[in-house]
Structures are given as C-alpha cells and as structure tokens.
Amino acid sequence: MQKLLLLGDEAIAQGAIDAGLSGVYAYPGTPSTEITEYIQDSRIAKERNIHRQWSSNEKTAMESALGMAYAGKRAMTCMKHVGLNVAADAFINAAITGVNGGFVVVAADDPSMHSSQNEQDSRVYGKFAMIPILEPVNQQEAYDMAYAAFEMSEKFNVPVMIRITTRLAHSRAGVVRKPLLEERELSLPKDPTQFVLLPAIARRNYKKLIETRPDLEKLSMESPYNSYADGSDRSMGIIACGIAHNYLMENFQERECNYPVLKLSQYPMPRKDIERMVSECDSILILEDGYPVIEELLKGYQEAGTPVKGRLDGTLPRDGELTPNIVANALGFPFEEGAPVPDLVVGRPPAMCKGCGHIDAYKALNIALEDYGPGRVFADIGCYTLGALPPYNAVNSCVDMGASITMAKGAADAGLTPAVAVIGDSTFTHSGMTGLLDVVSEGTPITIIVSDNYTTGMTGGQDSQALGHLEQIIAGIGVDPDHIRVFKPTAANLDEMVSIIKEEFDYPGVSVIIPRRQCIQTLRNKSLVLKVKELGL
Amino acid sequence: MKSDIVLAGVGGQGILSIAATIGMAAVDKNLHLKQAEVHGMSQRGGDVQSHLRVSSKPIASDLIPRGKADIILSVEPMESLRYLPYLSKKGWLVTNTTPFVNIPNYPEMEEVMAKIAEQTNHIAIDAEKIAVEVATKRSSNIVMLGAASPFIDIEMSALEEGLRKIFERKSDAVVESNINALRAGRAATEVILASRN
C-alpha cells in the first residue's frame, strides 16, 4: 500500500478515515488541531462528506460524536488534554451509555507545557472512565490504532481513548496505509434504553462496564501493541509506555539491551506481564511521558515489594517531557554533550504579531486603566494572553477557557471595580457565553472586552463560531445594546478607543466592548476575507 | 547513512519548508525519517526548532540526543547558538548571518559572529543577500539548505526533486527560483571550504 509521510496527528486522522469514519468533531487545541485539519483537507473525506466542521467547544464535540455513535456510525472526537476537562461530563458518561457505532476519543497531552497551562495526563481520565486506552509509540502505530479502535469500541461496547503527547502529535514519519473500509449504515441501538442514564438503567449499564474489565485486561495481554522482551540481566526490568519506548531504544542503538522490557501501549495494564516482571526482576524502572500513573500504581503505599524507580524517587525528573538524554541518565549511561549555550543567547518568547489588532486594544486599555491602578484585568486563552508579557503587561490572569468573564465577576462581587475581562471571539463562544449570562442575571458591573479577529488565532486561524453574529449573541444574552460598543482597533483610533473604554468603566452595569479587526495571519485566507466582506464587517 | 539535523530559527522563517524538502528527498530514496516540529504558541515570533533525522536504518527517537547532531542548520545567527549542546564534536554549524531582531535585548552582532567563528566546523553565509541575487528574499531558507547540503548525505538531484514536488503546485518559476537558491547556497559553502583548504 501507499506510504505517506505523516505527523502523528495526521496518522490518526488517516487511520480513522480508512476505518470508515463518518464524522470528526473537535475544537482546535495544540497539539491536537492537525487531526481535524487533515480530515478537512482529505479528498476521501470530501467525497464521502464525512462530518468535519469545527464544534463550539470540546463538550459539544464529544456529545455530537456520541450522537453519531448512537446512530450506528463511526465517530471520533479530538482535543487537547485540557479540552477533555471541558468534555469530561460527556466523556465519563459515554462509558456508561456504551456505544452503537464505534466511538474514539483522541486526547493530545502536552508534557513540558509547550502550548498549555498544565501537563495533566489523559490516561488518568481513561482509567477514571474505565475504558481502553491506546498509546502509540510511533506514527505507524498511531495509524494502526486509529484503524483498529472503532472495531474494538463496537465489540466491547465502550468508547476507546487514543492518548498521544506533543512529540508524537507533531513529529513526521512514514506510514503505510491499510485498505479503505466502507462507512457503517445508519442504525439505532438494539436496546432503546441503552443511552437513557436514569439511575436504574445507569446502574445496570455500569455493572456491564465493570464486567468488561477482565475482557479488556485479556485484550491488553493479547494486544499487538504490548510486548514483553525478556532479557538476561534481571537486576532491573523496564516498563516503557508509548513514546517513552523510543527514548529507551535510542539508548540501545550501539549497545545490547539485556534488561527485560515491557513495551506498554494498551491499557488497562496487561496484568500477567506486570506480575511476571515484578516476580522475575530485582527492581523496575518505569518510563512514562506524563504523570507517573503506572509508577504510582506499582509502587503503592507499602515499602515492601520490588523497588520501583521513575519520576517519584528522583530517577527521572518529576515533571516535563522525557528525552533520550533524560532516559540515558536514568539508565546510568554517560553521554557527551556539545558546547554549552553561550551566555549571550537570550530568550525569544512568543509575541503577538506586528500589526495585530489585540495590540492596539491593549494600548487603549492600558491608558484607560491608568487612573485606576493595576491588577484588574482577567484574560483568557488565546493570542491575547501574550498581552501578559512586556511591553504590555496588560493582564493579570489566564486560567481556562472562559474564565475571564467569570473571574472578573467574582472580583467585582468582592468589590474590585472596574473589573475587566479580555476574551477572544472564539473563546467567547467556546465558554464565555454562559458566564456572561451569570453576569447579566445579576447586573454585575464589569467591562468585558471581546477582542474579535474573526478566527481562532493561536491554533492557526480556524473558523470562529462567533463570526457574523457576535453582537446578536451578546444582546440575546441580555446585554443592553447601548453598552455593546464596537470599534476598529488601530493606532489612529487610539483616543476614541480610550474614551469608549473609560465611558464603559463609568457605567455601573454590564458592558461589552468589541475591538474588531481581522487577524493578520488570516489575510491570505481568501474564503474568510470573502465571508467577512459578505457579512459587511 | 545517517544525518541528524537540528533546524533552528524564529517562528515564521520557513524552517519547515527546509524539513519538508529533505523529507521528500529521503522518502524518494527509501530512507527512514523522523521529523519533530514545533507548532502552536512558539510559532508567534518565538524561537523554533525542528529535529530532523534521516537514516538508512530504522530510527528510534523523534528527538536527537544532545551531543549527537551532525548539523545545526539555522536561518538566524543567534538561534544557531541556542542548540550547541546538541551538536556533536565533529558536527557542523551552518547559519545565516542576517539577524531577526524582534526582542529589545538582542546581543551585539559582533559578539554573535565571534561565537559562531569559535566553532571548529562552521559555515556562516548571508543567505538573504544570496537569495535576493539569484531568486527572491523569501528563498533564503532554501539558500541555507543548499549551504548545508555538502554535509548531508543526500544527492543534490534528490533535493532538487524534493523542491520540485513541494513547489510545483505554485508555478514552474517558483520551482526554478528555489532550485537556483539551493545551488547558490551550496556554491557559497564550497567557496568557503575551498578557501580554508
């Protein structure tokens, strides 16, 4: 079959397409974005009209995908690790409903926080939901797993999680395709009550989920993705999860590996393999690109038993992603580094683009706030979060999607006025609208700046659900139209912007200010430019 | 053969096009390849790197271990120094000399160039100047690929074929312009090497 050069993300996308996918549902988030983008650009996806539009947030994405699986078709939802927090309610309960068509959840974790606010490990969520987790070691396995996961989901009546980390998501390698499968026909669940999680039914479904445990463990034992390589030196056994196996093997390119190694890429853990390693080896080293999930499980709270080495005892750093060198250190292998980084090399933090509308909005906001003092701007997740850095130093919080509006509300309730929220258009429709309703219901006097650039900027310019009806949404939620103020953020408009912001600071109710200018990164996106023109924006 | 290359630059400078060209050539030659890219927040004017590994044998890690890189290929001079811990003692540092200044505390250029000159194996060329002469300014990343090509065990013809495949959707003129950039970069390095012998 054809060999393609694919990112880990793209390999998952191609695997899902080839497995007969009927719909992908997602909200952009690094490092998961390229999965959906690949399907959006795919010729097969276009021919088959596979659903591939962006969703408003991860929860709506998860639920829509579950609905497609209810209707008997194969559905996938993709998100970054923190997106799974947003979708968690639907996610955990999807394990209780079970599926009809295959249902795959892809969670892309970001250890070392390259583009994230934490490095939570989605395997914990998978275990929490009691579903199988697949953790590919490379791009080919990512493809193979996505291809196989739907059938696994259908056979065991559970959602299946594919968990990757940034390095695999954004690393390219050759992938060999399998035959393209037909999509499944529309079909209703055999039991019409299966998805009705009333307590009586949920209790019944939950028992069934518990009953699948032995089958899922057996599946992990027989999995082509898990393997136990015996070794003559049993002073130490090594468990290497997902991509960590690559870093381990990198250290055995020029030397023989005599330690027994369990390559672990499918969970729940293959119990017999673990028992074998525990009984045969004097100690166990555990390599995980994320939290010490398996390590904690094996270590337990008792000092007795086989010594376990990893992130918890200092053999590996407690946080951050693994690298070949970190693993070399854990193995006690010396290596010779190149020259140190010269002192003159300085940091080059990411920054808002030259000419970006957010910059002009911040300049105006900073001037308008001069009379009030610092510490009153609650920002959100997006390019405008970079306003926290010099020279702007314009914002005081960035926590989670939508938190700007609600944190400003809480601070205003505590007596901080003016309290200001700064949120982007796409983040507003993702998770800001419900918070705005709280603010409107109580008439909390805060000033909300929805910095509208018509797109989801930070992740590369995906569609914004707010496009074309932002003011209608805001007015519909109940903000007085007189206090919805729209302007174009440019250097020439600075004085006007400052006076508008000051006016709204003086208003003792809910104000929404919309600085509106297209993201300069999207100016070459012809269809967006045309749409903006059609909308008369 | 084996080439472990750290590609370095600033978000938006086109290091992924360099990686794609080598990647295309490697796939055509049935070589194994792994290429770790940086997407997301750093692309907004931050420092970016890509680890590109090409080998006739299967490759384990997506990341190059420190001290093992054969080449640092940088489209920006200060960025070339950021990855020195990755460069092997016998490796080559190949860099553009035109700085990308988007920070207030960019170091003195003379000091940057002096540090580059301290490296045993280094090539420093003004890729922008060469690109403007033989192609367009936008092709300076491909000039840098040409400048590094003598140290990569892949024939020029394969790299040219890679460029053709990547840019053919744009136009023949764009393909030719990039091939010119590639050749000019290689010639610049050959001149430097000859002058040192």
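Keep in mind that this is a model prediction, so the values were computed, not measured. Every chain is numbered from 1, with letters handed out A, B, ... down the list of sequences.
- More than 12 heavy-atom neighbours from other residues, nucleotides or ligands sit within 6.0 angstrom of CZ on B:Arg196.
- In this structure, the side chain of B:Asp62 does not engage the main chain of A:Arg167 through any donor-acceptor pair within 3.5 Å.
- In this structure, chain B has no heavy atom under 4.5 Å from any part of A:Leu248.
- By number of non-hydrogen pairs under 4.5 angstrom with chain B, the leading residue of A:Ala169, A:Gly8, A:Gly347 is A:Gly347.
- No side-chain heavy atom of A:Leu5 sits less than 4.5 Å from a side-chain heavy atom of B:Gln35.
- No side-chain donor-acceptor contact under 3.5 Å links B:Lys34 to the backbone of A:Gly174.
- Residue with the most contacts toward chain A among B:Ala60, B:Gly23, B:Ala69: B:Ala60 (heavy-atom pairs, distance under 4.5 Å).
- Heavy-atom pairs under 4.5 Å with chain A peak, among B:Glu79, B:Lys68, B:Gln119, B:His51, at B:Glu79.
- Minimum heavy-atom separation, B:Asp47 to A:Arg348: OD1-O, 3.1 Å.
- For chain B, the option among A:Asp110, A:Val341, A:Val346 with the highest count of heavy-atom pairs below 4.5 Å is A:Val346.
- For A:Cys356, no part sits under 4.5 Å from any heavy atom of chain B, backbone or side chain.
- Interface remark: of the candidates B:Pro107, B:Pro85, B:Ala36, B:Pro85 forms the most heavy-atom pairs closer than 4.5 Å to chain A.
- At least one donor-acceptor pair closer than 3.5 Å links the side chain of A:Glu250 to the backbone N or O of B:Ser61.
- Heavy atoms of B:Lys57 lying under 4.5 Å from chain A are absent altogether.
- Within the 4.5 angstrom heavy-atom criterion, no atom of A:Leu389 approaches chain B.
- Pairing each heavy atom of B:Glu111 with each of A:Leu344, the nearest pair is O-CD2, 3.7 Å.
- Between chain B and the options A:Ala173, A:Gly29, A:Pro342, the largest number of non-hydrogen pairs under 4.5 Å is found for A:Pro342.
- Within a 6.0 Å radius of CG in B:Asp172, other residues, nucleotides and ligands contribute 12 heavy atoms or fewer.
- The contact between B:Leu81 and chain A is made by backbone and side chain atoms together, counting heavy-atom distances below 4.5 Å.
- Residue A:Arg524 places its CZ atom among 12 or fewer non-hydrogen atoms of other residues, nucleotides or ligands, all under 6.0 Å distant.
- Few gaps surround NZ on B:Lys2; more than 12 heavy atoms of other groups in view lie less than 6.0 Å from it.
- Separating the CG atom in B:Leu52 from the CZ atom in A:Arg172 is a distance of 10.5 Å, to the nearest 0.5 Å.
- Between B:Leu63 and A:Tyr247, the closest side-chain pair of non-hydrogen atoms falls below 4.5 Å.
- Listed here is the closest heavy atom pair of A:Gln253 and B:Pro58: OE1-O, 4.3 Å.
- Once rounded to the nearest 0.5 Å, the distance linking NZ of B:Lys115 with CG of A:Asp343 reads 7.5 Å.
- Nearest heavy-atom pair across A:Glu337 and B:Lys89 is O-NZ, 3.2 Å.
- Side chains of A:Pro340 and B:Leu84 form no contact here, defined as non-hydrogen atoms less than 4.5 Å apart.
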